[in-house]
2 protein chains.
Amino acid sequence: MNEVEIKSVIERYSAISPASYEEFLKGLEELSVSKGTDFIRKDGREFYEYIILDGICRSYLINPSGDEVTISLFGDQSVLSPYITRTREGLSTLNFQAITDTRMVKFSASDFEELMVQNLEFREWGNEVLKHELAMKVSREIDLASITAKERLFKFRELFPMFENLIPHPIIASYLGITNVSLSRLRKTTM
Amino acid sequence: MNEVEIKSVIERYSAISPASYEEFLKGLEELSVSKGTDFIRKDGREFYEYIILDGICRSYLINPSGDEVTISLFGDQSVLSPYITRTREGLSTLNFQAITDTRMVKFSASDFEELMVQNLEFREWGNEVLKHELAMKVSREIDLASITAKERLFKFRELFPMFENLIPHPIIASYLGITNVSLSRLRKTTM
DNA sequence: GCCTCACATTAACATTTGTTAAAAAGAGCT
DNA sequence: AGCTCTTTTTAACAAATGTTAATGTGAGGC
């Protein structure tokens, strides 16, 4: 396990002293997931927090019409939505899927909750991750409610450069709240 | 201060033993806000958590086009979005406004954070409030991204019965992600 | 009762997005 | 290169939503 790589992702959110890492690193497990695999299933029992080292993942749901709705996208070197935000009574509220082959580490969410109580640095780190998640959600709410699909596409390109060439367009479209046909039309008028 | 009333709102989220209340109740302040008043301003310094005893409030933002976008609605006997979800570096990320005359209690967010560390019941309560907030956000994301405005109106009526007759329609429209003219059109076809 | 003001509805037209189906382009395999 | 399968683009038309402006409605003050 490459500790330097992991620490570098963690410190994108807030700084952790070497002493604090000790206990944390012990609990880590590596995890590789191949393209197209759901590694967390809605209504399945869930126990972990996840950090993506490389690869692209998404959370999604099936809506009442049977269509997949992409809720969030996660790229290289990011932390997945915190456990608390995607779990009710131990069961996942969302599906999480690897869009490309993905390398992750995972660790026990309950152990981490305890670590947050005891360790101020990890408490702040956890809060930073949570705030980031919420800021993304609020931003998306505003965009979905108040700007056009074309503007959302521009913002998507800023937020996730390269994703447009790396992941299937129906996934991007469902993230933007439009059909893939509409996405193709918008691409034509903006390239 | 009517402790029974306050406890009844709190226990809508999770149970708290009488012993745990002791310290909590001491820190409460009452607050009355009249219709139309912003009681939290975006980019203003913020310190409190809020519980609405009665009245209707909303969070909103001004988008780049200068339009108000309603993010969330809060009715009688509910807890406002937790501090952590609406604050960055001590400054509010959203405006909060009383849509009708509103009676609330507020308490220090930092004291409460400390209480959560020390008291398991309030930790669970805080987590329940947070999960509820997130569940609402995910639900809204899905709806904005994948169902029509007409369907969102039906869901709004289920989630907030009576609000349609109590608050201005431009606010409802901006919550649904449409114009007030479109809302009026939808109302006509569905009543 | 009548004014005024704010709010809601209606109408006419423009624009955006959805739907369905066909055509084109791209990716892997032999 | 040629074949097959998947993904993306195009086209034609339908439906939903936006824009602007006029009309209607209701509540409160005089």
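The chains referred to below are lettered A, B, ... by the order of the sequence lines, with proteins before strands, and numbering in each begins at 1.
- First and last contacting nucleotides of DNA chain C toward chain A (any atom under 4.0 angstrom from a heavy atom, 5' to 3' order): dT17(C) to dT20(C).
- Residues forming a side chain to side chain contact (heavy atoms under 4.5 Å, CB included) with K155(A) (at least two apart in sequence, or on another chain): D143(A), I147(A).
- With sequence neighbours excluded, the residues forming a side chain to side chain contact (heavy atoms under 4.5 Å, CB included) with E114(B) are Q118(B), listed by chain and number.
- With sequence neighbours left out, T93(A) forms a side chain to side chain donor-acceptor pair (under 3.5 Å) with no residue at all.
- Among T70(B), D67(B), D38(B), the one residue that satisfies the side-chain hydrogen bond (donor to acceptor under 3.5 Å, both in side chains) test with Y60(B) is D38(B).
- In the helix from dG1(C)-dC30(D) to dT30(C)-dA1(D), the terminal helix axes, each the rotation mapping four pairs' C1' atoms onto the next four within five end pairs, subtend 30°, rounded to 10°.
- Under the side chain to side chain contact (heavy atoms under 4.5 Å, CB included) criterion, D76(A) pairs with D54(A), not counting sequence neighbours.
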- Message: Generate the contact string for nucleotides 11-27 of chain D. Rules: B means base contact, S means sugar-phosphate contact only, - means no protein heavy atom under 4.0 Å.
- Response: BB----BBBB-------

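- When the ring pair (Phe, Tyr, Trp, His ring centres under 6.0 Å) test is applied to Y50(A), the partners found at least two apart in sequence or on another chain are F39(A).
- Checked against side chain to side chain contact (heavy atoms under 4.5 Å, CB included), K137(B) has the following partners two or more places apart in sequence or in another chain: L134(A), K137(A), V138(A), E141(A), I71(B), S72(B), E133(B).
- In this view, Y48(A) satisfies the ring pair (Phe, Tyr, Trp, His ring centres under 6.0 Å) rule with no residue, not counting sequence neighbours.
- In this structure, CG of N165(A) is placed 16 Å from P of dT7(D), rounded to the nearest angstrom.
- Side-chain contacts under 4.5 Å among hydrophobic residues (ILVMFWY), followed directly or transitively, place L144(A) together with L144(B).
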Please report, to 0.1 Å, the donor-acceptor pairs under 3.5 Å made by any side chain of residues 124-132 of chain A, with sequence neighbours excluded.
from	atom 1	to	atom 2	distance (Å)
W125(A)	NE1	I10(A)	O	2.8

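- dT7(D) atom P lies 17 Å from atom CD of E164(A), rounded to whole Å.
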